[in-house]
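Model, not experiment: these values are computed from the prediction. Chain identifiers are assigned alphabetically (A, B, ...) following the order of the sequence lines, protein sequences preceding nucleic acid strands; residue numbering begins at 1 within each chain.
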Amino acid sequence: MENKIRIYNTLSQKKEDLAPFEGKKIRIYVCGPTVYSSAHLGHARAAVTFDVIQRFLKNVGYEVTYARNFTDIDDKIINKSNETGIPPQEIARIYTEEYIEDMDSLGVQAPTFQPKVTEHVPEIIDLIKTIIDRGYAYQSGGDVFFSIKKFPSYGKLSKRAPDEMLAGVRIDINERKEDPLDFALWKGSKPGEPWWESPWGQGRPGWHIECSTMSMKYLGSSFELHGGGKDLIFPHHENEIAQSEAATGVEFVRYWVHNGLIEINRAKMSKSIGNIINVREALTRWSKEAIRLFFLSHQYQNPADFSEDTMDENESALERLYITLKRAKDQKNNGRKGDSELAGNLNKFKTTWIEAMYDDFNTADALGNLFDLARAINRSIDSFGWTSTLEEALKEVRVFGSVLGILELDPKDYLQREKLSKSALEMTEEEIKQLIEERTASRKEKNWKRADEIRDYLSSKGILLEDTPQGTIWRVKS
RNA sequence: GGCGGCGUAGCCAAGUGGUAAGGCAGCGGUCUGCAAAACCGCAAUACCCCGGUUCGAAUCCGGGCGCCGCCUCCA
């Protein structure tokens, strides 16, 4: 097995060995949402991607410190406030809470720190002062701008040269900027807008500076891993690098990691196109683990094209795994010791899934190996029922599941309750159980007609029956 | 125009030099009262096209076609 984690670094455009600054400590910062609307699948993918990365790192022995911010003061929030009449703070509060709830619903573990911009304005002002003092920024009216000319390596992340960026590009000509590409560290406030007192007058932080401030506050001037969606590479992360390195003189981040975007019918999901799918909408139809499975069955850097059919397929795939787990659980100990064939498959799985994850967190590859193991488990059950090897295999599946955040439910709960709640059928568990009892009685009398009638009826209601040696079981159809 | 990326069977999707994981859907078989699930098997002559490098390329290089993202708020 390889002993180095390989990770694709946007900065070098190569896979590199993951090497912490110190021991086995990894510090991660991920750009969280600007809280002015409900979380959509794009937010969810980013959150799940880095959730799995941090889970895996912990699993293989790293000590992870993970920060993800809330940008709770921003032009977009102010615009929303102007549209709705709801105060900006209230908008931010509502969507911050929603985001926390939604990510929790998706099984995303809470980061170590979840700092908010509005709670760090003094630190932001200090950082801006430092940048000005070091000669990288200038005041102009009530604004403060970062001067990209002073930062020669500007463009190193997004691979673009400042001269080229200007050509044919739509840029607001702001009279107060020395260079059109300069960006605001501090924005003077207009009447009616939220503001904080600063050396440059009343105003608020510009976009970008909050992430530099908070990441460095919680993780240090230099830290290992900074993540976010690919759409943030420019200008957001480019500007973060410029500001941070201008302020400290040291390398800001060692590995830049970017997840691919969600597409709908091969077009980016975005507010301007209006094809947004919110997390809570998706959760009314598919289980949280199916949604995670959808994300994780793609390599994290690739685009993921969303469709209802694809989601249904993921739900079916998840169901297959849970059915296998349930079968395994239902086996009785029959005294047999082990199954060498399964043991071989288990060993293979143990190494292959770890290897896949070591290679740039390739969850899609790892999942392929899981399905191989599931087949091996089923085969073993068919031949031997319960064995100690089966027990070991289930243990390993649980470990794997805990890294990906899937297969964490009791199989029965998934196959019945979880799915019952996602389907439109109006049937209680009690009613279902009664009908099954009646059918079991009919079957004993070999009254196949009545038995089939009941089965067909339940089927029409979306309930699938299965007659097993242990009795009749049911689940909700996909 | 600049930068980045993608094009693998019916659909989804791994795979950066040695003759192609996995899932979903389909077909046949075993099992079953019949089903379901599971297993076994099948199928789809699956690597966008054309050149090149190589003993050997889906994988590297060049060219072409198609699609997408960023360059403007965005996970």
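With distances taken from any side-chain atom of Ile323(A) to the nucleotides rA35(B), rA37(B), rA75(B), the minimum falls on rA37(B). Considering only side-chain atoms of Asp365(A), the nucleotide from rA21(B), rU16(B), rA75(B) that sits closest is rA21(B). Of the candidate nucleotides rC12(B), rC24(B), rC70(B), rC24(B) has the atom nearest to the side chain of Ala317(A). Distance from the side chain of His40(A) is smallest to rA75(B) among rC24(B), rA14(B), rA75(B). The Arg375(A) side chain lies nearest to rG23(B) when the options are rA13(B), rC34(B), rG23(B). Closest contact between the side chain of Ser316(A) and the listed nucleotides rC24(B), rC34(B), rG15(B) involves rC24(B). Here the side chain of Gln299(A) is nearest to one of rA14(B), rA37(B), rU16(B), namely rA14(B). Among the nucleotides rC24(B), rC34(B), rA14(B), the one closest to the side chain of Arg320(A) is rC24(B). Looking at the side chain of Phe234(A), the nearest of the listed nucleotides rG33(B), rC71(B), rA21(B) is rC71(B).
Using a 4.0 Å heavy-atom distance criterion, Gly227(A) is classed as making no nucleic acid contact. Note on Asp382(A): only backbone sugar-phosphate atoms sit closer than 4.0 angstrom, heavy atoms only; bases stay farther off. Looking at heavy-atom distances under 4.0 Å, Lys76(A) makes contact with sugar-phosphate atoms alone, never a base. Nucleic acid contact class of Arg455(A) (heavy atoms, under 4.0 Å, all strands): base. Asn378(A) comes within 4.0 angstrom of sugar-phosphate atoms only, judged by non-hydrogen atoms across all strands, and of no base. Gln13(A) comes within contact range of the sugar-phosphate backbone alone, with a heavy-atom separation under 4.0 Å but no base atom that close. Leu261(A) comes within 4.0 angstrom of a nucleotide base, judged by non-hydrogen atoms across all strands. Counting non-hydrogen atoms under 4.0 angstrom, Arg68(A) reaches nothing in the nucleic acid. At a threshold of 4.0 angstrom between heavy atoms, the contacts of Asp372(A) are confined to the sugar-phosphate backbone, with no base atom among them. Within the 4.0 angstrom heavy-atom criterion, no nucleotide atom of any strand lies near Leu41(A). The residue Gly368(A) sits close to a base: some heavy atom pair falls under 4.0 Å.
Asp467(A) contributes a side-chain N or O that forms a donor-acceptor pair with the base of rC34(B) under 3.5 Å.
In the model, Gln109(A) has no side-chain atom that pairs as donor or acceptor with a side-chain atom of Tyr66(A) under 3.5 Å. For the 3.5 Å distance criterion, the side chains of Asp413(A) and Gln416(A) fail to qualify, holding no donor opposite an acceptor. Using a 3.5 Å distance cut-off with no hydrogens or angles, the side chains of Asn369(A) and Glu355(A) do not pair a donor with an acceptor.
A gap of 13 Å separates the C1' atoms of rA13(B) and rA20(B), to the nearest Å. Distance noted for atom P between rU59(B) and rG7(B): 11 Å (whole Å). To the nearest whole angstrom, the two C1' atoms, one in rG18(B) and one in rA57(B), are 9 Å apart. Spacing of P atoms, rA21(B) relative to rA9(B), comes out at 14 Å, to the nearest Å. Rounded to whole Å, the separation between the C1' atoms of rC48(B) and rU8(B) comes to 10 Å. On the C1' atoms, rA37(B) is 11 Å away from rU32(B), given to the nearest whole Å. Here the separation of rC39(B) from rA44(B), taken at their P atoms, is 23 Å to the nearest Å. The gap from the C1' atom of rC47(B) to that of rA36(B) amounts to 36 Å, rounded to the nearest Å.
A search for ring-ring contact (aromatic ring centres under 6.0 Å, His included) contacts involving Phe151(A) returns nothing, not counting sequence neighbours.
The distance between the ring centers of Phe252(A) and Phe223(A) falls below 6.0 angstrom.
With a 3.5 Å ceiling on both atom-pair distances, the Watson-Crick or G-U wobble partner of rG62(B) is rC50(B). Look at rG4(B): its Watson-Crick or wobble partner, with both distances under 3.5 angstrom, is rC68(B). With a cut-off of 3.5 Å on both Watson-Crick or G-U wobble distances, the partner of rG10(B) is given as rC24(B). Pairing partner, rC39(B): rG29(B), with both Watson-Crick or wobble hydrogen-bond distances short of 3.5 Å.
For Arg160(A), no side-chain nitrogen or oxygen approaches OP1 or OP2 of rC70(B) to under 4.0 Å. Between rG15(B) and Asn362(A), a contact under 4.0 Å exists linking OP1 or OP2 to a side-chain N or O.
Under a 4.0 Å N-O distance rule, the pair Glu315(A)/Arg285(A) does not qualify as a salt bridge.
Formation of a donor-acceptor pair under 3.5 Å by the Ser383(A) side chain with backbone atoms of Arg379(A) is found in this model. For Glu289(A) (side chain) and Glu408(A) (main-chain N/O), a donor-acceptor pair under 3.5 Å exists by modelled atom type.
Map Gly32(A) and Leu318(A) each onto its nearest nucleotide of RNA chain B; the residue landing nearer the 5' end is Leu318(A).
Remark: ring of Phe371(A) does not overlap the six-membered base ring of rG22(B) in a stacked fashion, as centroids less than 5.5 Å apart with planes less than 30° apart are not both met.
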